[in-house]
Amino acid sequence: MLALLRPLRILPFAEHYSLTRFCSAFVSRMRYLNMLKENDAACVSALQNGHIFLFHHLIPLLQRSDPGTFRSVALSYSEVQSVLHRSGSDGSLLKESILIGCSEQNQAQFCLDVGELDPAAVAKECKGTFIDLRKAFFLLAGAEAHLVAKAQALLRWHQINRFSGATGQLTHRNQAGSQRVCSSSSIVYYPKMSPVVIVLVSDGKRCLLGRQSSFPIGLYSALAGFCDMGETLEEAVSREVAEEVGLEVQNIIYSSSQHWPFPHSSFMLACHATVSSAHSQLNVDHLELEDARWFTEEEITCALQIKAPPKRVQPTTVWLPPKHAVAHRLIMEWRDSQQRSKGTE
Ligand SMILES: NC(=O)C1=CN([C@@H]2O[C@H](COP(=O)(O)OP(=O)(O)OC[C@H]3O[C@@H](n4cnc5c(N)ncnc54)[C@H](O)[C@@H]3O)[C@@H](O)[C@H]2O)C=CC1
Ligand SMILES: [Mg+2]
């Protein structure tokens with residue numbers, strides 16, 4: 001008990017590591033990353049031994065692996081140094097790298113935007129190709145796609161936060177890039193995400209999907225919307241469904257969350273909700289949605305067969321968000337629960 005009452009002590013660097021030896025690999029990695037955000041010198045050293053993912057004006061560098069498949073390119077510090085030198089830069093750009101994670105092999109991961117260099121020369125040096133994130137995100141395997149998306153989001157945040165919104169003065173980043181501080185005041189800025197709710201509404205037998213006119217032809221997804229200031233998750237879900245399709249939902253159940261890079265860093269909070277079949281008549285707000293419809297389990301199963309945006313879409317072809325999207329997960333969860341409940345009938 002006495003030990004619990006002792007004031008907290010900030011551990012010196014060496015002691016930190018001797019303690020983390022007794023933790024799980026995951027806990028050690030998380031503590032290591034957290035320490036790198038606080039300790040600029042340790043972060044420089046991690047960069048020199050780490051992996052770096054290159055971008056050009058926020059477009060990630062990928063390499064083709066097997067035909068039709070791509071992977072992100074993790075370069076070492078010396079590889080990036082030599083790419084920069086051969087592309088006509090002195091290498092000082094490397095210190096602009098931003099910490100994005102730590103691999104399971106305990107190697108710190110960084111990203112760097114080489115926007116001031118010739119993209120063709122860099123791509124050639126790296127035997128890669130710069131591919132827009134809207135395409136790259138879906139070419140990469142899940143974990144890689146999310147790491148690249150996180151990297152782009154952080155690079156973008158730094159690019160648009162060079163000045164303080166309060167004083168108009170320059171802001172300076174820490175080495176990890178986890179914050180920026182105003183040079184004339186003590187204001188600290190942290191990277192931002194916009195919370196968005198996404199909900200799959202069910203009436204017991206069918207689920208509700210909608211589409212915006214800006215979606216690719218035939219794509220339907222769960223209803224989504226940005227949270228208003230001060231709202232709870234439940235309030236945002238209820239409001240969005242009421243606004244977009246004129247229904248009042250019940251039984252809101254949280255499913256999962258994800259960072260979504262389009263258009264800019266949303267924090268998607270995914271839920272299921274229900275309406276009674278007696279109150280399932282839609283009243284769609286066509287300013288927000290081009291269409292919203294109820295889908296049976298059979299229709300969902302059929303739409304799930306279409307794995308990629310169809311080359312030629314018939315007016316009636318419906319396809320669903322890809323695996324990387326949390327909307328896909330909600331739809332799969334709903335379909336599985338329908339099949340389970342059929343099995344127990
Ligand atoms: N990962 C996934 O599975 C899915 C992700 N989404 C994402 O959800 C997001 C929100 O869905 P929408 O139906 O478009 O939202 P929405 O229904 O709230 O409508 C968008 C409008 O909200 C306003 N708005 C309020 N706060 C905003 C903010 N912080 N940033 C941008 N606009 C804001 C703007 O006027 C904008 O035109 C989209 O960015 C979309 O990419 C949508 C479906 C599936
Ligand atoms: Mg919406």
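Counting starts at 1 for both ligands and their atoms, in listed order.
- Annotation: the span from Leu54 atom CG to Cys126 atom SG amounts to 5.5 Å, rounded to 0.5 Å.
- Per-residue contacts place Ala325 under 4.0 angstrom from the following atoms of ligand 1 (heavy atoms of the residue considered): 1 (N), 2 (C), 3 (O).
- In this structure, NE2 in His146 is found 10.0 Å from CG in Leu140, a value given to the nearest 0.5 Å.
- Nearest protein neighbour of atom 22 (O) of ligand 1, counting heavy atoms only, is Phe226 CD1, 3.8 Å.
- Using a 3.5 Å distance cut-off with no hydrogens or angles, the side chains of His264 and Arg156 do pair a donor with an acceptor.
- Regarding atom 42 (C) of ligand 1, its nearest protein heavy-atom neighbour is Ala224 CB, 3.7 Å.
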Check step by step if side-chain contact (heavy atoms from CB on, under 4.5 Å) holds for Val326 and Trp260.
CA-CA 9 Å; Val326 76; Trp260 187 245; over 6 Å; no
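- The shortest heavy-atom distance from Glu240 to ligand 1 is under 4.0 Å.
- The line from CH2 of Trp334 to CD1 of Ile300 is 6.0 Å long, rounded to the nearest 0.5 Å.
- Within the listing of ligand 1, atoms 12 (P), 13 (O), 14 (O) sit less than 4.0 angstrom from a heavy atom of Gln212.
- Hydrophobic clustering (ILVMFWY, side-chain heavy atoms < 4.5 Å, transitive): Val318 and Val201 are in distinct clusters.
- Under the 4.0 Å criterion applied to side-chain N and carboxylate O atoms, Glu298 and Lys342 are assigned as salt-bridge partners.
- Shown here, atom 37 (O) of ligand 1 is out of close reach of the protein: none of its heavy atoms lies under 4.0 Å off.
- Counting atoms of ligand 1 from 1 in the listed order, those under 4.0 Å from a heavy atom of Val196 are 8 (O), 9 (C), 10 (C).
- Taking NE2 from His158 and CD1 from Ile98, the interatomic distance works out to 4.0 Å, rounded to the nearest 0.5 Å.
- Not one N or O of Ala222 is nearer than 3.5 Å to an N or O of ligand 1, by distance alone.
- What sits closest to atom 3 (O) of ligand 1 on the protein, heavy atoms only, is Ala327 N, 2.9 Å.
- With a 4.0 Å heavy-atom cut-off, ligand 1 is reached by the side chain of Ile198 but not by its N, CA, C or O.
- Regarding atom 1 (N) of ligand 1, its nearest protein heavy-atom neighbour is Gln258 OE1, 2.8 Å.
- Summarising the geometry, atom CG belonging to Leu75 is positioned 10.0 Å from atom CG belonging to Leu112; distances are rounded to the nearest 0.5 Å.
- Residue Ser194 touches ligand 1 through its side chain alone, judged by heavy-atom distances below 4.0 Å.
- By the criterion of a heavy-atom distance under 4.0 Å, the side chain of Glu244, and not its backbone, is placed next to ligand 1.
- Of all atoms in ligand 1, numbered sequentially from 1 with element shown, those under 4.0 Å from a heavy atom of Glu288 are 17 (O).
- Within ligand 1, counting atoms from 1 as listed, the ones closer than 4.0 Å to a heavy atom of Met268 are 4 (C), 5 (C), 6 (N), 7 (C), 8 (O).
- Proximity of atom 15 (O) of ligand 1 to the protein is indicated by at least one non-hydrogen atom lying closer than 4.0 angstrom.
- In this structure, atom 31 (C) of ligand 1 has protein heavy atoms in its sub-4.0 angstrom surroundings.
- Going from atom OH of Tyr220 over to atom CD of Glu290 covers 7.0 Å, rounded to the nearest 0.5 Å.
- Residue-level check: among N/O/S atoms of Glu244, OE2 sits closest to the Mg ion (ligand 2).
- Put simply, Gly210 stays out of reach of the Mg ion (ligand 2), with no N, O or S atom under 2.8 Å from it.
- Counting atoms of ligand 1 from 1 in the listed order, those under 4.0 Å from a heavy atom of Ser221 are 43 (C), 44 (C).
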Output, in order, the C-alpha distance, side-chain angles, deciding distance and verdict of side-chain contact (heavy atoms from CB on, under 4.5 Å) for Leu304 and Arg335.
CA-CA 10 Å; Leu304 283 167; Arg335 206 225 4 199; 4.0 Å; yes
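- For Arg329, the closest heavy-atom approach to ligand 1 does not fall below 4.0 Å.
- By the 6.0 Å contact criterion, CD on Glu248 is open, its count of non-hydrogen atoms from other residues, nucleotides or ligands being 12 or less.
- Checked against Leu208 for a side chain to side chain contact (heavy atoms under 4.5 Å, CB included), the options Val275, Leu223, Val249 give a single hit: Leu223.
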